[in-house]
Protein chains: 2
Amino acid sequence: MATGRTHRPATRSRGIPEATVARLPLYLRALTALSERSVPTVSSEELAAAAGVNSAKLRKDFSYLGSYGTRGVGYDVEYLVYQISRELGLTQDWPVVIVGIGNLGAALANYGGFASRGFRVAALIDADPAMAGTPVAGMPVQHTDELEKIIKDNGVSIGVISTPAGAAQQVCERLVAAGVTSILNFAPTVLSVPEGVDVRKVDLSIELQILAFHEQRKAGEEAAADGIEPPAAAKQQRKGPDGDVPAVMPA
Amino acid sequence: MATGRTHRPATRSRGIPEATVARLPLYLRALTALSERSVPTVSSEELAAAAGVNSAKLRKDFSYLGSYGTRGVGYDVEYLVYQISRELGLTQDWPVVIVGIGNLGAALANYGGFASRGFRVAALIDADPAMAGTPVAGMPVQHTDELEKIIKDNGVSIGVISTPAGAAQQVCERLVAAGVTSILNFAPTVLSVPEGVDVRKVDLSIELQILAFHEQRKAGEEAAADGIEPPAAAKQQRKGPDGDVPAVMPA
DNA sequence: CGTTGTGAAGTGGTTCACAGCC
DNA sequence: GGCTGTGAACCACTTCACAACG
């Protein structure tokens, strides 16, 4: 690989820790629900419960945004909704393209939560010429040839990749070359992008494997000996030439 | 409000840090690709590049599993594939149910990566009686009424929720009551579960919002002051950073 | 009072850098 | 010589606990 820059080194963001940024959408969702029920104020304790975090963490998170609460009272729901929305950049409109309109791409296109908050699907793009013109979620699919033009005409800076793994890196490069600087990747592959481009990935099989790990642990907690013998078929001898696997774990 | 959750850091796993567990699937994927190309051994540097991490981290991660490498040479690809698979619990079969067969559920059912490694879709379940019997991904959709029976008959311990947000908590509770102890949640809502049940969530709109945050930051790096006041609706004074975008808040 | 906001202490994860071994 | 495995230093995030304040 040549230009493999995946993680930005020390993106201090703006003083807001990355972990906090990742929770702001959660708070926003909980606050929006409160807002719809016309709840005027909320304490850190209540809001934290609704968002599934603990209250000290929530208060610390909010402290990075400023002092938006009132001691002895709590937080003003509407005001906080506005502040978090602004902080997340949701007070502006983000045109998004979805590339790869298979089952998943179509599901994403139909996903309501997309349009709800600042995001607008500007185009659906697929490499299959037979799909061109087919309406998906009330929108005609466009051919990959148009990708660059679509991005530029719509000022798209966020792209969603839901192509097969094999096509993802190439699509990614075209998106980036056309001006996209944030990518949400659903393809099960590692994307390499130039510095300055953000990539987030969503990967079903990784999530399942993490669950399986913990699941296995739970099962093993009781039944210790449960012959999970290695399939002798596999050539899993210790090492190449000489075997030595003491598995030392001092600490 | 507090459910007597003593916040057990059960994440102690078995000495393997959670962050490491989350990367094992990534290594496994890269190793599988090497294996298919019949590459016999790989260095930490090469494998790290393929997995998109740095080599020190990879070596540290592997050190939690044991000493599976050979100094001066690298790691035996096949052997490592086996060791990681075993560690993740992929040497056994995990039946999975998908609840909520809308666009997304159908996409998940069709997702190939599902079956590939240890996971097997045992059933597709939906609350819509009209869907019952309809084949999706070559499998008949079953009605929610059957949920408990399906889980028990198949020994399902992992459930995927792709219902609308409003139904998710209820579905979750039924899954857990029937014996499921790991849940992958695609619904945009916080699930509350009893201790001992693992939940992982995949949330499109959260990911987009995180991207928007960084995107906004990039844009703001150039364009400096744009001082426009937040809506006068703000009734408190605050000392946070100043706003810059007029209100567009949908309430 | 009750609840926020925050230094300080604690925890977990990453990176460095090099000893140990092939 | 090359590469792994790992203490130690470093850094980011979380939690504690309490002073500040409406």
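All figures in this text were calculated on a predicted structure; none of them were measured in a lab. Letters go in sequence order (proteins before strands), and every chain restarts at 1.
The distance from atom CG of Leu65(B) to atom C1' of dT6(D) is 14 Å, rounded to the nearest whole Å. One interatomic measurement links the two molecules: NZ of Lys60(B) to P of dG5(D), which rounds to 12 Å at whole-angstrom precision. At whole-Å resolution of the value, CZ in Arg59(B) and P in dG2(D) are 15 Å apart. Between the NZ atom of Lys57(B) and the C1' atom of dA17(C) there is a distance of 18 Å, rounded to whole Å. Protein atom CG of Asn54(B) is 18 Å distant from nucleotide atom P of dC10(D), rounded to whole Å. As a whole-Å value, the separation of Leu58(B) CG from dT14(C) P is 12 Å. Rounded to an integer number of Å, the gap from Tyr79(B) OH to dT4(D) P is 16 Å. Rounded to whole Å, the distance from OH on Tyr68(B) to C1' on dC21(C) is 19 Å.
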* To do: Would you please test Arg200(A) and Ser182(A) for side-chain hydrogen bond (donor to acceptor under 3.5 Å, both in side chains) and show each step?
  => CA-CA 8 Å; Arg200(A) 296 191 65 87; Ser182(A) 287; over 6 Å; no

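Across the interface with DNA chain D, nearest-nucleotide mapping of Val73(B) and Arg71(A) shows Val73(B) to be the residue nearer the 5′ end. Sequence order on DNA chain D of the closest nucleotides to Gly72(B) and Asp61(A) puts Gly72(B) first from the 5' end.
Closest to the side chain of Thr70(A), out of dG22(D), dC16(C), dG13(C), is dG22(D). Counting only heavy atoms from C-beta on, Pro17(B) has its side chain closest to dG13(C) among dG13(C), dC16(C), dT14(D).
Contact annotation for Tyr75(B): backbone-only contact, meaning every heavy-atom pair under 4.0 Å involves sugar-phosphate atoms and none involves a base.
Residues forming a salt bridge (charged side-chain N to carboxylate O under 4.0 Å, His left out) with Arg71(A) (at least two apart in sequence, or on another chain): none.
Side chain of Glu45(B) to main chain of Ser55(B): no donor-acceptor pair is present (N/O by atom type, distance under 3.5 Å, no hydrogens or angles).
By the 4.0 Å N-to-carboxylate-O rule, Arg217(A) lies too far from Asp198(B) to be salt-bridged with it.
Here the two rings, on Phe62(B) and Tyr75(B), have centers that are under 6.0 Å apart.
For the OP1/OP2 pair of dC3(D) and a distance below 4.0 Å, the side-chain nitrogens and oxygens of Ser43(B) include no atom meeting the criterion. Between dT4(D) and Ser44(B), a contact under 4.0 Å exists linking OP1 or OP2 to a side-chain N or O.
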